[in-house]
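Here is the naming used below: chain letters follow the sequence lines, and residue numbers restart at 1 for every chain. Heavy atoms only: backbone and side chains are in, while hydrogens, waters and symmetry mates are out.
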Amino acid sequence: MRFSQYLIPTFRETPSDAEIPSQQFALKGGYIKKIAVGIYDLLPLGLRVIRKVEQIIREEMNKAGALEVMMPSMIPAELWQKSGRWYRYGKELLRIKDRGDRDYCYGPTHEEVIVDLVTNNIKSYKQLPLNLYQIQNKFRDEIRPRFGLMRAREFTMKDAYSFHATSECLDATYQRMFQTYTQIFKRCGLKFRVVSADSGAIGGNASQEFMITADSGEDAILYCDSCHYAANIEKATTRLTSSIHTGDPLPLKEVPTPGQRTIEEVSTFLNVPFTQIIKTLVYNFIPNSDLEGEIFSLAVVCLRGDYELSEVKLGHVLDARVLALASDRDIMDHLNAPVGFLGPIDLPADIKLLVDDSVASIINGVTGASKADVHYVGVCAGRDFPNDIVVDVKTVRAGDACPECSGGKLIQERGIEVGHIFKLGTKYSESMQAQFLDEQGKTQPFIMGCYGIGVGRTAMSAIEQSHDDRGPIWPIQLAPFEVIIITAKAEDTEQKAMAEDLYTKLMSIKIDVLFDDRNERIGVKFNDADLVGAPLRIVIGNKLSEGSIEFNFRTGEKRDVKASIAYDEIVSIIEALRHQID
RNA sequence: CGGGAUGUAGCGCAGUCCGGUAGCGCACUUGUCUGGGGGGCAAGUGGCCGUGGGUUCAAAUCCCGCCAUCCCGACCA
């Protein structure tokens, strides 16, 4: 492409609302343009990057035997009503009416549609397994879109769905997808980590996330420093060190603790460690089984003073559709106790008490006495309060013991979730009565898997992981252009002729080359070139009179090359870069 | 949805407290001198000051409503 005929609207100043590097450079470099909250135009440069990611995904998915399809983005409500998600999905689902007042939604994901597609076409186990995918735009009316394409409302996603007669067969495809994803992100030149994950609103059993490691990542992940354990913070667990809760049980005793509400205050006041204090939280929730109701139930949760509660974990334990901390007033109404002095002892009989495993065996602990300015000491789980519903609802943190090996410690890192693979099982096939005939001629629900990749997010992650203060440093696989040619003096006929010659030749052998033929100062061209982020920049300048031109790599390295061999050099450099990762 | 802030030219902002001709930098247009990291000089183009109402002789500025955007918390590729 010739820069003068291309559209790359770069800005000298960074848009003020851009927060993270990928968003700043994508806007500043003319890759994307925001048109509404979480909704963007992809400009030519941005689209080139997206297409490259898509191409890699297509090649690898096809190689793994998946078949590409394209489902509609508008989905009739009946399908979502059939699976029940029409009622459960909440405001994130964009619902639309057509002229006939019929309900539709803009697809945020496509399990319902694919199940419908497959049930209409697959009747026998002989036609299985089947793995279908599409690369298509989704819309999720996110609570808080941010970070540009990283968390947009409309976004491009590759989603694949596999159908099986047996769980062994699902396992095999799941493994195959694991390898395919590994290969895809490797080819994109990205550093990533795979963690086991919470399966969220999609549901199902096992799932793993592919996380691009980056400081700006919105997810926290934990991994073991000595074994293979790695998990999203929403899922991560730890092995409790049992030695904490030892000693002979003392009698339960009330002590005055005027004004001591927080764990920290109580710890200081009574001189006991956080680990001996039982934290008591009260939550309101609406269970999933209650599809349309507005009636809240109450749950009391206890965990060890040094831990924070994980609302995601608690949501799962309660199978809650809606979950929120109860108000002080609610607590007073139901427990007759002030916040700050809550405890699990002598709760009203109708209140459900969940005990985190960190307090399930506590001996001689401290907890609120359910009245103002009083705590109990000598609290023993089981003896003083029931510990028959033991759960794991704590947020694990760096330094905690690995749950899978002895001696391992967990390390915490930030990550960007770019891929997620699930074993769905029969969740959707059962709710939607999607069945096939097995070898015995009996009807069985399909066993399903599902596999997603955020395309725009993957592209943006590459910037997060590799940039300097001037712009992206693209891996060649994703770079919008592989080579950019700049003349120092646009009107110099010799420089121009040299540039034209290289440009034409490189174009003819399908190297992605951008020729900056504008009559601009060289500083302007350099700055724009940095924003384009091509791995190799060819500068044809005053050294041409001595027969040489400059090769500048986006990573910083520079060298002079004889003009006579420049073309061959460029070709071999690009070839080498292309094959470095493949 | 809760808490905080902001809406003035394509972008970044000043002006608002204290009402009186709408400004600056960048970008854009023309000319010219330049020519190795966003250059200089000169001349230009471009604004229902978010929106609706109110106060006033007079509103970007004061008052009330609405809308939008951004940041911090609960969702997800």
Side-chain angles (χ1 to χ4, degrees), chain A residues 9-19 23 27-28 30 33-34 36-38 53 57 89-93 108-110 135-147 149-160 181 197-202 207 209-212 218-219 232 234 283 309-312 314-315 320-325 327 415-422 450-461 469-471 486-492 495 518-531 537 539-544 550 552 558:
Chain A
T10 60
F11 295 90
R12 184 190 290 252
E13 289 170 270
T14 303
S16 62
D17 52 4
E19 293 184 84
Q23 187 185 15
L27 289 165
K28 186 181 182 192
K33 165 92 174 84
K34 183 166 127 173
V37 191
V53 176
I57 292 174
Y89 217 82
K91 288 187 175 170
E92 208 178 311
L93 182 65
T109 172
H110 280 74
I135 296 176
Q136 190 235 27
N137 280 10
K138 310 269 188 241
F139 191 94
R140 294 185 189 172
D141 202 349
E142 293 274 353
I143 296 163
R144 192 146 113 75
R146 61 183 140 175
F147 300 152
L149 290 192
M150 205 66 100
R151 177 187 294 276
R153 292 197 293 174
E154 184 173 0
F155 62 100
T156 305
M157 178 171 162
K158 186 286 296 180
D159 48 328
Y181 274 38
D198 181 78
S199 33
I202 308 223
S207 88
E209 289 168 340
F210 286 71
M211 294 285 201
I212 304 296
E218 294 189 82
D219 291 286
N232 189 304
E234 295 173 350
Y283 271 84
L309 181 96
S310 162
E311 290 195 352
V312 173
L314 180 61
R321 178 165 65 84
V322 183
L323 180 70
L325 263 176
S327 67
I416 301 163
E417 183 189 350
V418 289
H420 202 158
I421 57 179
F422 298 83
C450 112
Y451 321 92
I453 292 179
V455 176
R457 199 179 263 191
T458 300
M460 292 299 104
S461 300
D469 55 359
R470 300 184 161 278
I486 289 179
T487 47
K489 208 169 169 180
E491 285 161 354
D492 181 297
Q495 289 181 14
R518 295 173 302 169
N519 186 14
E520 285 285 355
R521 312 198 111 234
I522 193 161
V524 172
K525 295 188 186 182
F526 281 162
N527 277 297
D528 284 346
D530 289 337
L531 287 167
R537 181 173 78 192
V539 182
I540 300 168
N542 47 26
K543 288 180 196 152
L544 183 62
E550 293 157 60
N552 302 341
K558 294 184 179 187

**Identified pairing partner of B:rA42, criterion: Watson-Crick or G-U wobble below 3.5 Å** = B:rU30
**Fill in**
Regarding the side chain of A:E491, the nearest nucleotide among B:rC75, B:rG35, B:rC76 is B:rG35
**Asked** Can a side chain N or O of A:R146 be found less than 4.0 Å away from OP1 or OP2 on B:rC72?
**Response** yes
**Request:** Please answer whether B:rA77 and A:F155 are stacked, defined here as ring centres separated by less than 5.5 Å and planes angled under 30°.
**Result:** yes
**Item:** Spacing of the P atoms in B:rA59 and B:rC49 (rounded, Å)
**Value:** 13 Å
**Asked** Which part of the nucleic acid does A:E154 contact within heavy-atom distance under 4.0 Å: base, sugar-phosphate only, or nothing?
**Response** nothing
**Complete:** Which of B:rG37, B:rG12, B:rC75 is nearest the side chain of A:F526? It is B:rG37
**Request:** Pick base, sugar-phosphate or nothing for A:A152, based on heavy-atom distances below 4.0 Å to the nucleic acid.
**Result:** base
**Carboxylate-amine/guanidinium contact A:E142 A:R151, below 4.0 Å** = yes
**Asked** If we call it a pair only when both distances are under 3.5 Å in a Watson-Crick or G-U wobble match, what pairs with B:rC17?
**Response** none
**Item:** A:R470 side chain, from C-beta outward: closest of B:rA77, B:rC11, B:rG37
**Value:** B:rG37
**Request:** State, to 0.1 Å, how close A:A529 and A:I486 come at their nearest heavy-atom pair, and which atoms those are.
**Result:** CB-CD1, 3.9 Å
**Asked** Salt-bridged, A:D141 to A:K91, with N to O below 4.0 Å?
**Response** no
**Length of the line joining A:K28:NZ and B:rG12:P, which is rounded to integer Å** = 13 Å
Atom pairs under 3.5 Å: protein N/O with N/O of nucleotides 67-70 of chain B:
| unit_1 | atom_1 | unit_2 | atom_2 | d |
| --- | --- | --- | --- | --- |
| B:rU69 | O3' | A:K34 | NZ | 3.1 |
| B:rC70 | OP1 | A:K34 | NZ | 2.3 |

**Request:** Please report, rounded to the nearest Å, how far the P atom of B:rC71 is from the CD atom of A:E218.
**Result:** 11 Å
**Asked** Tell me: CZ of A:R151 to C1' of B:rC76, nearest whole Å?
**Response** 6 Å
**Asked** Applying the salt bridge (Lys or Arg N to Asp or Glu O under 4.0 Å) test to A:D528, which of A:R537, A:R470, A:R521, A:R518 qualifies?
**Response** A:R518
**Message:** Does the structure show a Watson-Crick or G-U wobble partner for B:rU61, both distances under 3.5 Å? Name it, or say none.
**Reply:** none
**Request:** Select base, sugar-phosphate, or nothing to describe what A:R518 touches, counting heavy atoms under 4.0 Å on all strands.
**Result:** nothing
**Item:** Electrostatic pair A:E550-A:K558, nearest N-O below 4.0 angstrom
**Value:** no
**B:rA68 - base-pair partner by Watson-Crick or wobble geometry, distances under 3.5 Å** = B:rU6
**Request:** Looking only at side-chain atoms of A:E13, point me to the closest of B:rA77, B:rC26, B:rG37.
**Result:** B:rC26
**Prompt:** Would you say a side-chain N or O of A:S16 is under 4.0 Å from OP1 or OP2 of B:rC13?
**Reply:** yes
**Message:** Both distances below 3.5 Å, Watson-Crick or wobble geometry, any strand: find the nucleotide opposite B:rG12.
**Reply:** B:rC24
**Message:** For a quick check of understanding: with a heavy-atom distance under 4.0 Å over all strands, which category does A:V524 fall into, base, sugar-phosphate or nothing?
**Reply:** base
